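This report refers to the structure that appears directly beneath it.
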Amino acid sequence: MLPIYQNSIDLLTNVANQKLYKQLIIQLNKDFSLTGIDLDFSVNNVPSELKEKLQKSVKELILHDFNSYTNLLYRIDVSEKDTQIVNSTNIDAYIENVTFLILKRVWKKVWFKNQFSK
């Protein structure tokens, strides 16, 4: 059963403990690449660094290339409805929540792939 996480760091720490952190990074890079966004996350980054870099990237996309941001959400399969539920007038809080939604969805892909490829 897919675990439930409270926040991005909780999720990333548990992913690292399950030895699937590298696969999560690979999937994240693949989704960004398929969206046409030139960004590469390193497997050498600790979870907090990955979260920071992802948040910074999401913020840049929202502020400067909203079309690519929406394409990324579509590619990753984060529903627009879920992003609208994030009720915040503070952009940083919004971005933190969207980052968590992105990580949860990418993790779900990695988890299922790992469970059913055995």
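Quick caveat: nothing in here was measured; it's all calculated off a predicted structure. Throughout, residue positions are numbered sequentially from 1 according to the sequence presented.
- In this structure a side-chain-to-backbone donor-acceptor pair under 3.5 Å is present from S42 to N44.
- Cluster annotation: I62 is connected to F32 through the hydrophobic network of ILVMFWY side chains, with a link wherever side-chain heavy atoms come within less than 4.5 Å.
- Centroid-to-centroid, the aromatic rings of Y5 and F100 stay 6.0 Å apart or farther.
- Follow the hydrophobic side-chain contacts under 4.5 Å out from I25 and you never reach L34; the two are in separate clusters.
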Can you list the steps and then say if D31 with Q27 is a side-chain hydrogen bond (donor to acceptor under 3.5 Å, both in side chains)?
CA-CA 6 Å; D31 288 332; Q27 183 63 50; 3.1 Å; yes
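- The aromatic rings of F66 and Y69 sit tilted, their planes meeting at an angle between 30° and 60°.
- Between the T70 side chain and the N67 main chain, a donor and an acceptor come within less than 3.5 Å of each other.
- When the options N97, L73, T83, D77 are evaluated for a side chain to side chain contact (heavy atoms under 4.5 Å, CB included) with I102, the one that passes is L73.
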Show your working on side chain to side chain contact (heavy atoms under 4.5 Å, CB included) between L50 and L28 and close with a plain yes or no.
CA-CA 10 Å; L50 172 64; L28 198 55; 4.0 Å; yes
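- Rounding to the nearest 0.5 angstrom, the gap separating the CG atom in N14 from the CD atom in Q18 is 6.5 Å.
- A donor-acceptor contact shorter than 3.5 Å links the side chain of E49 to the backbone of V46.
- Here R75 contributes atom CZ and S33 contributes atom OG; the two are 9.5 Å apart, rounded to the nearest 0.5 Å.
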Would you please test L103 and L24 for side chain to side chain contact (heavy atoms under 4.5 Å, CB included) and show each step?
CA-CA 8 Å; L103 287 170; L24 182 120; 4.2 Å; yes
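- Between I76 atom CD1 and L72 atom CG the span is 4.0 Å, to the nearest 0.5 Å.
- Here L12 contributes atom CG and N17 contributes atom CG; the two are 11.0 Å apart, rounded to the nearest 0.5 Å.
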List the steps and the verdict of side chain to side chain contact (heavy atoms under 4.5 Å, CB included) for E96 and N7.
CA-CA 9 Å; E96 184 158 343; N7 57 47; 5.7 Å; no
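- Residue-environment remark: CG (D38) stays at or below the threshold of 12 foreign heavy atoms within 6.0 Å.
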Determine, step by step, whether Q55 and K51 satisfy the side chain to side chain contact (heavy atoms under 4.5 Å, CB included) criterion, reporting the C-alpha distance in whole Å, the side-chain angles of both residues, the deciding distance to 0.1 Å, and the verdict.
CA-CA 6 Å; Q55 281 181 313; K51 178 187 170 232; 3.9 Å; yes
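- Note that the OG1 atom of T99 and the NZ atom of K56 stand 13.5 Å from one another [nearest 0.5 Å].
- T13 places a side-chain N or O within donor-acceptor distance of the main-chain N or O of I9, the cut-off being under 3.5 Å.
- Considering every non-hydrogen atom in both L61 and S68, the closest pair reads CD2-CB, 3.9 Å.
- Here E52 contributes atom CD and L54 contributes atom CG; the two are 11.0 Å apart, rounded to the nearest 0.5 Å.
- Side chain of N114 to backbone of V110: no donor-acceptor contact under 3.5 angstrom is found.
- Side-chain contact between K53 and L39: present, with at least one pair of heavy atoms (C-beta onward) separated by less than 4.5 Å.
- By the criterion of side-chain heavy atoms lying less than 4.5 angstrom apart, applied directly or through intervening Ile, Leu, Val, Met, Phe, Trp or Tyr residues, I26 is not grouped with F41; the two fall into different hydrophobic clusters.
- In the hydrophobic cluster analysis, where Ile, Leu, Val, Met, Phe, Trp and Tyr join through side-chain heavy atoms closer than 4.5 angstrom, L63 is grouped together with V98.
- Taken together through direct or relayed side-chain contacts under 4.5 Å among Ile, Leu, Val, Met, Phe, Trp and Tyr, W111 and V43 form part of one hydrophobic cluster.
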